[in-house]
> 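Below is the structure I would like to discuss, written out as structure tokens.
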Amino acid sequence: MWFDETQAWQIAKCASYKELFTYIPHYEGHPPLWHLILSVFAKNGAPVDITLKAINITFCSMAMGLVIFRSPFPNIVRYLLPFTYFFFYHYGINCRPYSMTMLAVMLAAMTYKERNIKPWRYIFSLIFLCLTTAFGIMISGGLCIVWSFEIITELVRGKKLALFWKDKRFNSLCVILAAAVVLIIMIIPADDCFYGGVELQETLFNKLKNIRNYKTLIILPFESWSGVLIGVDGEKDYSALLMAETVIGAVMWLALIVLTKKNGKLFTFLMPYIFMTGFMSFNYMSAHHIGVSSLFHVFIFWIMAEQDGGIKIPESFRKLRNGLVSPMIRRVIYGVCALVCVMPVVYSIGASYLDIKGECGVSRFAEIIKDNNLEDKKIMAKWNVTYDTVSEEGTPVNNMLMHLEIPSVHGRITDNRTFLMGDPPIILPFFDRNIFMNFNTDCPDDMYMHYKYKEDTEAVFEKWREKGLPDFIIGYCPIDEVYDEETLEGVKYLPIYSLEYNIFYKLDFNIYSERMYMREDLFDEYPQFKWIDDQKGNVYERK
């Protein structure tokens, strides 16, 4: 399992129910439903791996069951959709609240057609969607705004606007409005909440000036199915790929607008989709959020397909097809379209293979700690650190510390983020207490990561120093930031285990390594451990 999965489990296990409603959502950024469901099991001693996967698979199976047995799509679409990348792997294998989002979207699509006759079924589906993620609130809000205008137009034409308050659809919309307002208040980020980009403090005007944000907006429809750009390594040059995806993305935007307009669903498509993709592009997005765009595409095509006569093809599409007189060009275009449609399934196969073949996180360290009875030793976990280096062009660069031997030479530390410690929440679910000497020192019973970035780092270091030198270290730690030269005189930590793990998105993946270190004077006490390498990478057998 990876960080986001175990972090949610640890929150469900350790946080009180009051905190799940009043504190946690301000730092986690989504409504508490997922944590509440997990808490039923986590607080009663259920095993993390089996339970978390069983809950996630249950929601995913229900969602994909609706696609297969209740959707109006052709057989090939109904049987392929469950195996596309986001539906099968990213939301099916990785255990996140997006499995609930999938089910909520399918329920909303299924109840949409009769929303004016049975509004409460539709509204409850949308409330469920709001309860899953912040993006669910955006989608539901957009759909309800459009529906409200449709209802008002209908009442005006029937000269019944004065009686709108008697309309059960109006009552149901009031209920979801109240629910959405409460949820939005719950998830508004706290002043000291850390999330991607918060420290840049860009104004909305500056974000709107950034051309890169518009490129992200354009490629999102394609990225949610066959694109690979957003989740790849940002240090690589993908300018040619960006150009290609921008063109394809623009074509997809145009096609979706023309198609939904022809089928009378233009605003039903645009209002929620602009809310969601605009927030993703200009404010905050991770790779796993992109699949919500895929879900909304399914919703739109579902409700169009259930209209009388099914999906209506625009005349411009027919003219474009008839204009392709060359059989060769037509075959090439059909072949490219088929490839684009098949690639999400290929991504599922590739991601599943990488998942099975390699490590996807650092939870294996839990086995090493247990097998060697290290729970009572002083174990230090790495925290996020950046330091000054100089690039080949002579410009300063902030890099993560990745040295082999501790202490070792590194550049000037520019930032100690002791609130960002990703390894403990991945390892601690396999223990009944906090085994890390430097994790949540003020609240050791909270075995999840707090995102409070406004902290007194020196005060945190002082509390670490009071516990003495660590016996073992997981990940590289610049301990010279914590302890003085006199304390560190003659002290050396040597790597005894190196764990390689993958971080991947679709077919793009990177291999990372994390080392476990032991203080040199403990080698006689633990002869099973060996010094595996030095700064030059040579392997040593200790005499």
Side-chain angles (χ1 to χ4, degrees), residues 58-84 86-88 91-92 97-133 135-148 150-151 169 172-173 176 179-180 221 224-225 256-257 259-277 289-312 344:
T58 299
F59 282 117
C60 291
S61 300
M62 293 169 68
M64 294 301 100
L66 293 179
V67 170
I68 293 172
F69 298 112
R70 296 298 298 273
S71 74
F73 303 132
N75 284 347
I76 188 171
V77 176
R78 289 190 288 120
Y79 296 142
L80 275 182
L81 272 178
F83 295 98
T84 53
F86 281 105
F87 300 170
F88 180 77
Y91 296 162
Y98 301 100
S99 58
M100 297 191 303
T101 306
M102 285 203 297
L103 177 59
V105 168
M106 302 314 165
L107 288 171
M110 192 173 68
T111 57
Y112 178 88
K113 185 177 182 180
E114 296 184 328
R115 69 195 184 285
N116 291 309
I117 303 171
K118 301 174 180 178
W120 288 106
R121 295 200 310 171
Y122 180 58
I123 285 297
F124 283 138
S125 298
L126 293 183
I127 291 176
F128 179 29
L129 182 57
C130 289
L131 288 167
T132 62
T133 64
F135 292 112
I137 299 176
M138 297 176 199
I139 292 173
S140 297
L143 291 173
C144 287
I145 290 172
V146 175
W147 191 27
S148 298
E150 292 174 348
I151 294 170
R169 296 173 297 180
S172 65
L173 283 166
I176 192 172
S224 59
W225 292 102
L256 286 167
I257 290 172
L259 186 62
T260 52
K261 182 179 180 181
K262 176 67 175 179
N263 287 270
K265 300 298 179 187
L266 177 60
F267 292 108
T268 304
F269 163 67
L270 274 184
M271 185 70 74
Y273 203 57
I274 289 294
F275 283 171
M276 179 181 64
T277 56
H289 296 143
I290 303 172
V292 183
S293 170
S294 310
L295 287 170
F296 191 68
H297 292 165
V298 173
F299 173 85
I300 286 295
F301 278 90
W302 186 318
I303 65 175
M304 290 193 300
E306 284 199 326
Q307 296 181 129
D308 294 336
I311 299 176
K312 301 176 182 65

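From a predicted model like this one, the values you see are computed outputs, not experimental measurements.
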> Under the side chain to side chain donor-acceptor pair (under 3.5 Å) rule, collect the residues that match up with Thr132, sequence neighbours excluded.
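Counting only residues at least two positions away or on another chain, Thr132 forms a side chain to side chain donor-acceptor pair (under 3.5 Å) with Thr101.
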
> Can you list the residues that meet the side chain to side chain donor-acceptor pair (under 3.5 Å) rule with Ser172, with sequence neighbours excluded?
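Applying side chain to side chain donor-acceptor pair (under 3.5 Å) to Ser172 gives none.
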
> Taking all heavy atoms of Leu126 and all of Cys144, pick out the closest pair and write down the distance.
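Looks like CD1-SG, 3.8 Å.
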
> Please name the pair of heavy atoms, one in Phe86 and one in Ser294, separated by the smallest distance, quoted to 0.1 Å.
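Heavy atoms of Phe86 and Ser294 come nearest at CD1-OG, 3.9 Å.
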
> Sequence neighbours excluded, which residues qualify as side-chain contact (heavy atoms from CB on, under 4.5 Å) partners of Lys261?
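Leu266.
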
> Tell me which pairs pass salt bridge (charged side-chain N to carboxylate O under 4.0 Å, His left out) where either residue lies in residues 299-312, with sequence neighbours left out.
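Qualifying pairs, neighbours excluded: none.
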
> Using the test side chain to side chain donor-acceptor pair (under 3.5 Å), find all partners of Ser140 that sit at least two apart in sequence or belong to another chain.
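For Ser140, no residue satisfies side chain to side chain donor-acceptor pair (under 3.5 Å) once neighbours in sequence are set aside.
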
> Of all the heavy-atom pairs spanning Phe269 and Thr260, show the shortest one and how long it is.
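Here Phe269 and Thr260 meet closest at CB-CG2, 3.7 Å.
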
> Check the pair Met64 / Leu81 against side chain to side chain contact (heavy atoms under 4.5 Å, CB included), numbers first and verdict last.
CA-CA 8 Å; Met64 294 301 100; Leu81 272 178; 5.5 Å; no

> Checking Leu80 now: which residues fulfil side-chain contact (heavy atoms from CB on, under 4.5 Å) with it, not counting sequence neighbours?
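Residues passing side-chain contact (heavy atoms from CB on, under 4.5 Å) with Leu80: Ile76, Val345.
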
> Between Val298 and Phe73, is the side chain to side chain contact (heavy atoms under 4.5 Å, CB included) condition met? List the steps.
CA-CA 10 Å; Val298 173; Phe73 303 132; 4.0 Å; yes

> I want to check something: taking the side chain as every heavy atom from C-beta on, are Ile68 and Pro82 in contact at a cut-off of under 4.5 Å?
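SC-SC contact between Ile68 and Pro82 confirmed.
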
> Could you list the residues that satisfy ring-ring contact (aromatic ring centres under 6.0 Å, His included) with Phe88, not counting sequence neighbours?
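Scan of Phe88 (ring-ring contact (aromatic ring centres under 6.0 Å, His included), adjacent residues dropped) gives Phe83.
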
> Under 3.5 Å, which donor-acceptor pairs link side chains of residues 102-110 to any protein atom two or more places apart or in another chain?
none

> Check Ile311 against Phe301 and note the closest heavy-atom contact, atom names and distance.
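Distance-wise, the nearest heavy atoms are CD1-CD2, 3.8 Å.
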
> What pair of heavy atoms forms the shortest contact from Ser293 to Pro221, and how long is it?
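Scanning both residues, the minimum pair turns out to be OG-CA, 4.4 Å.
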
> Find the distance between OG1 (Thr268) and CG (Asn263) and round it off to the nearest 0.5 Å.
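Here the interatomic distance stands at 11.0 Å.
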
> Can you tell if the side chain of Ile300 reaches within under 4.5 Å of the side chain of Leu256, non-hydrogen atoms only?
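Result no, sub-4.5 Å side-chain heavy-atom pair not found.
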
> From Ile151 CD1 over to Asn116 CG, what is the distance, rounded to the nearest 0.5 angstrom?
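So the CD1 of Ile151 and the CG of Asn116 are separated by 6.0 Å.
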
> Just grab all the side-chain hydrogen bond (donor to acceptor under 3.5 Å, both in side chains) pairs involving residues 58-73, residues at least two apart or on different chains.
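Matches after skipping sequence neighbours: none remain.
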
> Would you please name every residue forming a side-chain contact (heavy atoms from CB on, under 4.5 Å) with Met138, sequence neighbours left out?
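Result, side-chain contact (heavy atoms from CB on, under 4.5 Å) vs Met138: Phe135, Phe275, Phe279.
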
> With heavy-atom distances below 4.5 Å as the criterion, would you say the side chains of Glu150 and Arg115 are in contact?
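The answer is yes; the side chains approach within 4.5 Å.
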
> Name all residues meeting the side chain to side chain donor-acceptor pair (under 3.5 Å) criterion together with Tyr98; count only those two or more places apart in sequence or in a different chain, and write none if there are none.
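Residues passing side chain to side chain donor-acceptor pair (under 3.5 Å) with Tyr98: His289.
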
> Using 0.5 Å steps for rounding, measure from the CH2 atom of Trp225 to the CD1 atom of Ile290.
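Trp225 atom CH2 to Ile290 atom CD1 measures 13.0 Å (nearest 0.5 Å).
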
> What is the distance from atom NZ of Lys118 to atom CD1 of Ile123, rounded to the nearest 0.5 Å?
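Between Lys118 NZ and Ile123 CD1, I get 15.5 Å after rounding to 0.5 Å.
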
> Going by ring-ring contact (aromatic ring centres under 6.0 Å, His included), name the residues that satisfy it together with Tyr112, two or more places apart in sequence or in a different chain.
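By the ring-ring contact (aromatic ring centres under 6.0 Å, His included) rule, Tyr112 matches Tyr122, Phe299.
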
> Please work out which of the three classes, parallel, tilted or perpendicular, describes the rings of Phe296 and Tyr273, given edges at 30° and 60°.
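Tyr273 and Phe296: parallel rings.
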
> For the residue pair Tyr91 and Ser99, what are the closest heavy atoms and their distance?
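Nearest pair, atom of Tyr91 first, then Ser99: O-CB, 3.9 Å.
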
> With a 4.5 Å limit on heavy-atom distance, are the side chains of Ile145 and Phe267 in contact?
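No; the side chains remain at least 4.5 Å from each other.
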
